[in-house]
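Below: one structure, written as structure tokens.
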Amino acid sequence: MRMSRYFLPVLRETPAEAQIASHRLMLRSGMIQQASAGIYSWMPLGRRVLGKLETIIHEEQAAAGHIPILMPTLQPAALWQESGRYDDYGQEMLRITDRQGRHLLYGPTNEELVTDIFRGHVKSYRNLPLTLYHIQWKFRDEIRPRFGIMRGREFLMKDGYNFDVDEASAVHAYNRHLVSYLRTYQRMGLKAIPMRADTGPIGGKLSHEFLVLADTGESELFFDSNILELGLGDSDIDYDSREACASVFDRWTQQYARTDETHDPDHFARHVPAVRQRRSRGIEVGQIFYFGTKYSEPMDACVNDASGQRVPVHMGSHGIGVSRLVGAIIEANHDDKGIVWPEPVAPFAVGVINLKPDNEEVSAVCEDLCVRLEAQGLEPLYDDTDDRAGSKFTTMDLIGLPWRLTVGPRSLAAGELELTCRRDGRTFNCAPEEAIGRLTDIYGVK
RNA sequence: CGGGGUGUGGCGCAGUCUGGUAGCGCAACGGCUUUGGGAGCCGUAGGUCGUUGGUUCGAAUCCAAUCGCCCCGACCA
């Protein structure tokens, strides 16, 4: 993408309203623009990051055998009256009346709608297990939106719902989701820690939240430092294996890890050695629930089991805060110059800076570079503008592409350009071919 | 919702207390010089001061109402 033809409205000065790094940097790098309190437009750069996150989520969901659908943002109130949540949910739910006087709501979550879809089509245990999910905009009329998209009222969420014939199957679905979420966050360059959680208005008996460590997080965390050493291993997991999923679940949940909501100070003090006790702040980026028949019973979502009995299905739901993740990733990956994107979620793989756009040789090298990068599936953002060099460097640092190729007459005289790492600043002087080779290695494309 | 702020060219702000008809920096545009880490000089353009009403000879400034936004608190992906 040529910067001269792109829409990248970066701000030189920090808008007064931005209090935390991610909000400040998202506004300055032209990723978002506020439309109203807690409601944002996503500009091209921000939209690209959302797209990267969605792609990773879809791939990991597919690996776990979950099926994508797309439900609407507006839902009929009647379904929520059926589950009993229309009155329970409170002021946080935005209620709407259409011209016919019909009562609608802008969905804060989708248990009722998906249960309605399920019950109309699935009648037998033979069609289970089934997990349906979508990535859709939600609206929760927060009392006080703040911190940019971190606590918006409108936000993009991946929400999934599993349907199983009995509790044991549903617990497997729960464990399977825990594993797939850990893999999803890992692919985004994040270390997310599962922590036992309250179930809140979703209801149910089993729930874990996923938290990313960040000083500006809204939750206070207490955990055993051993959990920071845990990995997922290098091999693929068999998601159909109850034992395999349960063992990952056990490994990740046997260490003490709680938020302030569920923290048990006595237990923490007695069972976690003092040298391993950690206290930190974190950002919640996802949550999983098992709630059994809470919705299937009142909404009559039943299947025939193996013995011919009609039984309510066991369900759980699972959410990833996609738009919030953008903020969380920035909180965990920035410095005083700007954002430092992890490669898998970067809006562009590499920035190409042309130091002399009016020099034909330099420009020819840049154009050729971009064509070849694109042929490798590595999207470049090509700064072909006639700004001064310093200004280009500063902008590129601000928007935080992980790698930068700098092309100017000085190094080109030796047949070289510069490949610079945004995170640590190390620079390689090398020929274009070698730079492309290094980048394809880094991004793991062939 | 309670408490505290705030609203002035695209962005960041001053001016409000003590009414006299709007200013600074950045950005934009033009010219010259400059050109490998946010250039310099000269010039140009852009605002009925959130909105409505009131007081006054006169309101960005005083009064009232209203709307928006931000911060602190109780709630949440």
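Sequence lines set the chain letters: A, B, ... in the order given, protein chains first and strands last, and positions in each chain run from 1.
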Completion exercise
Here the distance between atom C1' of G36(B) and atom CG of Leu417(A), to the nearest Å, is 14 Å

Practice task
Indicate, with a heavy-atom threshold strictly under 4.0 Å, whether Arg153(A) touches base, sugar-phosphate, or nothing.
Solution key: nothing

Exercise for the section: Just call it for Lys356(A): base, sugar-phosphate, or nothing, with non-hydrogen atoms closer than 4.0 Å on any strand. Expected result: sugar-phosphate

Problem - Phosphate OP1/OP2 of C69(B): any Arg144(A) side-chain N/O under 4.0 Å - result: no

Practice task
Find the distance Leu398(A):CG to G38(B):P and express it as a whole number of Å.
Solution key: 15 Å

Exercise for the section: Classify the nucleic acid contact of Leu11(A) as base, sugar-phosphate or nothing, counting any heavy atom under 4.0 Å across all strands shown. Expected result: nothing

Exercise for the section: Grab the CD-C1' distance between Glu17(A) and G68(B) for me, whole Å please. Expected result: 13 Å

Practice task
Check every strand shown and say whether Gly425(A) touches a base, only sugar-phosphate, or nothing at a heavy-atom separation below 4.0 Å.
Solution key: nothing

Practice task
Assign Asp397(A) to base, sugar-phosphate, or nothing according to its heavy-atom contacts below 4.0 angstrom with the strands shown.
Solution key: base

Problem - Centroid separation His58(A) to Tyr133(A) less than 6.0 Å - result: yes

Problem - Sugar-phosphate only, base, or nothing, as touched by Ser36(A) at under 4.0 Å among non-hydrogen atoms - result: sugar-phosphate

Exercise for the section: For Val285(A), answer base if it contacts any base atom (sugar-phosphate contacts may also be present), sugar-phosphate if it contacts only those atoms, and nothing otherwise; contact means non-hydrogen atoms under 4.0 Å. Expected result: sugar-phosphate

Exercise for the section: Compare side-chain N and O positions of Gln91(A) against OP1 and OP2 of C75(B) and report whether any pair is under 4.0 Å apart. Expected result: no

Practice task
Please report, rounded to the nearest Å, how far the P atom of C76(B) is from the CG atom of Leu94(A).
Solution key: 18 Å

Strictly under 3.5 Å: I want the nitrogen or oxygen pairs between protein and nucleotides 41-47 of chain B, one per line.
none

Problem - Watson-Crick or G-U counterpart of A59(B), or none if no pair lies under 3.5 Å - result: none

Shorter than 3.5 Å, N or O on both sides, protein versus nucleotides 26-31 of chain B: list them out with atom names.
none

Practice task
Have a look at Gly286(A) and say if it touches a base, only the backbone sugar-phosphate, or nothing, with a 4.0 Å heavy-atom cut-off.
Solution key: sugar-phosphate

Handout entry: Arg95(A) to Tyr86(A) six-membered ring, cation-pi geometry met (6.0 Å, 45°)
Key = yes

Exercise for the section: Give one of base, sugar-phosphate or nothing for Pro108(A), where a contact means two heavy atoms less than 4.0 Å apart. Expected result: nothing

Practice task
Looking at every strand, decide which applies to Ser411(A) at a 4.0 Å heavy-atom threshold: base, sugar-phosphate, or nothing.
Solution key: base

